[in-house]
Amino acid sequence: MTDAATLKDEIKKLNARATAKKMDLHDLSEELPVSWERIPEVAQETYEAFKLLAEKRARLKALETA
């Protein structure tokens, strides 16, 4: 498998993970003020998932334009 194909597979998985984290954050906000203590944890997980996704997308774009 090429580097680009491998990255595309990773991006697909990361996109699903980021979407799930986004929904976790959304669900938590719907339940407030219950479980308000989890806000930092869930927000950090969501941030990290989207950050990694953005990094992989940038790497793929650089690979495709090289």
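Side-chain atoms are counted along with the backbone in the values below, which use heavy atoms only and exclude waters and symmetry mates. Please read all numbers here as calculations on a predicted model, not as lab measurements.
Leu63 and Leu52 end up in the same hydrophobic cluster when Ile, Leu, Val, Met, Phe, Trp and Tyr side chains are linked at under 4.5 Å.
Nearest heavy-atom pair, Ala49 versus Ala18, reported as atom, atom and distance to 0.1 Å: CB-CA, 3.9 Å.
In this structure, the side-chain hydrogen bond (donor to acceptor under 3.5 Å, both in side chains) partners of Glu48, at least two apart in sequence or on a different chain, are Gln44. Under the side-chain contact (heavy atoms from CB on, under 4.5 Å) criterion, Glu37 pairs with no residue, sequence neighbours left out. Taking the salt bridge (charged side-chain N to carboxylate O under 4.0 Å, His left out) definition, one finds that Glu30 meets it with nothing, sequence neighbours left out. Taking Lys8 as the reference, Glu64 meet the salt bridge (charged side-chain N to carboxylate O under 4.0 Å, His left out) condition, with sequence neighbours excluded. Looking at residues two or more places apart in sequence or on another chain, you find a side-chain contact (heavy atoms from CB on, under 4.5 Å) between Ala4 and Thr2, Leu60.
Applying the side-chain hydrogen bond (donor to acceptor under 3.5 Å, both in side chains) test to pairs two or more places apart or on separate chains, those with a residue in residues 49-60 are Glu10-Lys56, Asn15-Arg57.
Atoms NZ and CZ, from Lys21 and Phe50 in turn, are 11.5 Å apart once rounded to the nearest 0.5 Å. Expressed to the nearest 0.5 Å, how far CZ of Arg38 lies from CG of Asp24 amounts to 7.5 Å. Atoms CZ and OG1, from Arg17 and Thr46 in turn, are 9.0 Å apart once rounded to the nearest 0.5 Å.
Taking a 4.5 Å side-chain heavy-atom cut-off between Ile, Leu, Val, Met, Phe, Trp and Tyr, the cluster of Leu25 extends to Leu28, Leu32, Trp36, Ile39, Val42.
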